[in-house]
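What you see is a predicted model, and the numbers here were worked out from it, not measured in a lab. We name chains A, B, ... by the order of the sequence lines, and we start the count at 1 in each one.
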Number of protein chains: 2
Amino acid sequence: MYKEFVENAEQEQDSYKGKDKMYVAIDCIIFGFDAGSLKLLIFKRRVEPLKGEWSLIGSFVNLDEDVSAAAGRVLEEITGLKDVFMEELKTYGAADRDPGYRVISIGQYALIRLNEYDRKLVEAHGAVWHDVDKLPSLVLDHDQMVQDALEKLKAKARFQPIGFELLPEKFTIPQLQSLYEAIYQKELDSRNFRKKVMSYNVLIKLDEKDKSSSKRGAFLYKFDHARYKKLLQSGYNFEI
Amino acid sequence: MYKEFVENAEQEQDSYKGKDKMYVAIDCIIFGFDAGSLKLLIFKRRVEPLKGEWSLIGSFVNLDEDVSAAAGRVLEEITGLKDVFMEELKTYGAADRDPGYRVISIGQYALIRLNEYDRKLVEAHGAVWHDVDKLPSLVLDHDQMVQDALEKLKAKARFQPIGFELLPEKFTIPQLQSLYEAIYQKELDSRNFRKKVMSYNVLIKLDEKDKSSSKRGAFLYKFDHARYKKLLQSGYNFEI
DNA sequence: CCAAAAGTGTTACACGTACACCCATGA
DNA sequence: TCATGGGTGTACGTGTAACACTTTTGG
C-alpha cells in the first residue's frame, strides 16, 4: 500500500509539499588517550567560512548515505581507521546555530587508539591532537559538543567497558587506571582499582611486560571481549 | 569575519553548493502511567501514505524552528501540555528509512501525567493510549523507536528522578513503587523500596490520604524539586 | 644502592537484600 | 469481623573505601 503510493508520486510525495528541506551534517568528537591525558582531534579551518578557527571535523550527510555512515566516512578519511568505537552523542538542532543556512548537526563521538591511526592522513588534513583540558575555543556550538561528549564518556565508561577502546590492545593496569583517572578527573586508589578490575574476570594476563614507564615493568593484559559478552548474558554488571 | 562572509553570500553559502538537503522530522514517544502499567500515545493514520496504520505522532521541522521546539509544538498540539519532560532519544538516519524521500527523524520521548492532558484534543487527533506491552506494530522504524525509548527510560529512571513526571503531583508510595515495577518489569520489595526512597529526603509527606485503592488509604507525597536541586549540588546521587 | 613504579591484604563501615507481622478501615 | 492493602524493623552478607609496605630492577 505504501509502495503504490510512492510509485504514484513522482519524486517527492505530495505530503512533503510545502515542507522545508535543510542540510544535515555530522561532527566528530574524536577522543584519544596518551601520557595520562585525554586528547581531542581538532583542526584549523583552511577555507571560508571561519578560516583559521579551530573546529571539529565534520561533513554534510549525502542524500543516499546513512547518518552513521557519514560519520564513519569522515572518521576513516581523517584517521584511516574503520571499525572504531563510535556512537551518536546528540543532535544540535537550534535554528540559528549556523549563521549561513539552516544546518542541523548530529554529534558523533569516537574513541580511538593513538598507536593505530594514520599519522600522515591526520597531518594532511591539518588536524592535531589537543589535551581536552587545554582546548582553544571552537567554532559554532562545537565547544558545547565537546562538553557534552566528555560528560557522556564519563557516564558511560562507568558501566560499560568502553575505556579499553582508548588503550592499545595490550595495556597495563597502571595505564588503565591512569585512563580512568583522566576520564573521571579524580585520583583512584591503586589497590582498590586493581581489585575491582580483576574481579570482573575480563582481562587476560599476558606473559609480556611493558617496561616503558618503570624499571621493574608492568604486566600487559588484553580485554577479553568474548568472555565479557558471555557474562553480559548471565546478567552481570560491570562498574568501575 | 564569519559575518562578512555570510553577507557576501546571497542566501546559501558557496560552501553548501552541491550539498544535499533533506527533510528533518521529529517523532514523539509519549509515555504515560496508569493502573500499574506504562502507556504509549499512538494514532492511526487517517491519510496517505500508510493510511490506517498505527504510528507515533511526528512532524517535519520547519526551517526557522529549533528541533526541540518542533517536538514541543507537536506535544502541545496533541496533548495541550507545555513544559513537560521531554528529551532527545536519538536520531533515526538510515538513508532508506522512509521509502518516499530522504527524511531523517529525531526521536523525542516525553513523560506526561495522565490526569493532566487534554482528552478532547487527543481524541480529536485520533490518538489513543496503548499499554506498552501490548502494542500493535507501528509504521517505518517506529517500533524500534519505542524499544529504544523504553530502554532509555529504564536506564535513566534508575539514576534520575524522572519517574515522578509520570505520576500526578500528589502520589502515594505504593503508586510510586508500582511505577518503578512497570518500568523495570520486576517486582520490588515494598519495605526496601520505601526505605530507599525515603532515605533521599526528597519527598514531602502531605496530610492527605488517597483512599482510591484501599480502605485504610495511603498518605500522599509531593516531590521536592528544590531540595533535590540543592542536594545535587553537594554531590549526592539518587538511585532507585 | 637507591629511586621509582608495580604489586599485594586487612579492616571498618555502609548499603543492599531477604524476610513476616501488625495496622487501619469500609463493607 | 474480615478482607484488603498500608506501613514498619532486623539480621546478614556483600561491596566499598581507607590505609602502608614489600618487590623489582636499571642506572
Side-chain angles (χ1 to χ4, degrees), chain A residues 34-37 157-159 161 167-168 170-182 184-222 231 234-240, chain B residues 34-37 157-159 167-168 170-222 231 234-240:
Chain A
D34 194 29
S37 57
R158 191 164 156 204
F159 298 104
L167 293 175
K170 301 174 181 184
F171 54 85
T172 68
I173 305 295
Q175 272 169 30
L176 185 63
Q177 177 175 347
S178 145
L179 167 64
Y180 274 93
E181 287 176 336
Y184 296 152
Q185 308 236 47
K186 190 183 158 187
E187 302 216 331
L188 303 172
D189 179 274
S190 69
R191 289 159 290 188
N192 293 337
F193 182 82
R194 186 180 289 265
K195 202 189 313 170
K196 196 162 190 184
V197 169
M198 291 308 189
S199 75
Y200 292 113
N201 290 311
V202 287
L203 297 190
I204 301 167
K205 186 173 185 171
L206 304 177
D207 256 347
E208 309 166 61
K209 280 192 166 188
D210 168 34
K211 300 209 166 190
S212 65
S213 66
S214 79
K215 295 159 185 173
R216 178 178 177 180
F219 278 104
L220 287 163
Y221 291 80
K222 280 170 78 171
L231 288 169
S234 36
Y236 103 137
N237 64 314
F238 182 89
E239 177 177 353
I240 292 186
Chain B
D34 192 28
S37 57
R158 192 164 156 204
F159 297 104
L167 294 175
K170 301 175 182 182
F171 54 86
T172 68
I173 306 296
Q175 273 169 30
L176 185 63
Q177 177 175 346
S178 146
L179 167 64
Y180 275 92
E181 288 177 336
I183 294 174
Y184 296 152
Q185 307 235 48
K186 191 183 157 191
E187 301 215 332
L188 303 172
D189 180 274
S190 69
R191 289 159 290 191
N192 293 337
F193 181 81
R194 187 180 289 265
K195 203 189 311 171
K196 196 161 191 185
V197 169
M198 292 306 189
S199 76
Y200 292 112
N201 290 310
V202 287
L203 297 190
I204 302 168
K205 185 173 185 173
L206 305 178
D207 256 344
E208 308 165 63
K209 281 193 166 185
D210 168 33
K211 299 209 166 188
S212 65
S213 66
S214 79
K215 295 158 188 173
R216 178 177 176 178
F219 278 104
L220 287 163
Y221 291 80
K222 281 171 77 173
L231 288 169
S234 36
Y236 102 137
N237 64 314
F238 181 89
E239 177 176 355
I240 293 189

* To do: Using whole Å, report how far CG of A/Asn237 lies from P of C/dG16.
  => 13 Å
* Asked: Under a 4.0 Å N-O cut-off, is there an ion pair linking B/Glu181 with B/Lys186?
  -> no
* Take atom CD of B/Glu239 and atom P of C/dA14, then tell me their distance rounded to the nearest Å. => 18 Å
* Is the backbone N or O of A/Phe193 less than 3.5 Å from a side-chain atom of A/Gln177, with the two atoms forming a donor-acceptor pair by type? -> no
* Asked: Is it true that B/Lys170 and B/Glu208 have a side-chain N and a carboxylate O under 4.0 angstrom from each other?
  -> yes
* Answer with yes or no whether B/Arg191 presents, from its side chain, a donor or acceptor under 3.5 Å of a partner atom in the base of C/dA20. => yes
* Asked: Rounded to the nearest Å, what distance is computed from the CG atom of residue A/Asp189 to the C1' atom of nucleotide C/dT8?
  -> 12 Å
* In whole angstroms, how far is the C1' atom of C/dT25 from the CZ atom of B/Phe219? -> 13 Å
* B/Lys215 side chain N/O closer than 4.0 Å to the phosphate oxygens (OP1, OP2) of C/dA27? -> no
* What's the CD-P distance between A/Glu187 and D/dA18, to the nearest Å? -> 13 Å
* To do: Return the minimal non-hydrogen interatomic distance between A/Ala182 and A/Ser37, and the atom names on each side.
  => CB-CA, 4.4 Å
* Check: B/Arg216 side chain, C/dA24 base, donor-acceptor under 3.5 Å -> no
* Structure fact -> Walking DNA chain D from its 5' end, the first of A/Gly217 and A/Ser190 to be reached, judged by nearest nucleotide, is A/Ser190
* To do: Spell out yes or no: do the side chain of B/Lys195 and the base of D/dT10 have one donor N/O and one acceptor N/O closer than 3.5 Å?
  => yes
* Starting from P on C/dA24, measure out to CG on B/Asp210 and report it in whole angstrom. => 18 Å
* Asked: Checking all strands, does B/Ser213 fall into the base, sugar-phosphate, or nothing category for heavy-atom contacts under 4.0 angstrom?
  -> sugar-phosphate
* Base, sugar-phosphate alone, or nothing: which one does B/Lys196 contact when heavy atoms must sit under 4.0 Å apart? -> sugar-phosphate
* For A/Lys186 and D/dA17, give me the distance from atom NZ to atom P, rounded to whole Å. => 7 Å
* Asked: Counting N and O atoms only, with roles assigned by atom type, does the side chain of B/Tyr180 sit under 3.5 Å from a partner on the main chain of B/Glu187, one being a donor and the other an acceptor?
  -> no
* Structure fact -> Between CG of B/Asn192 and C1' of C/dC19 the distance, given in whole Å, is 9 Å
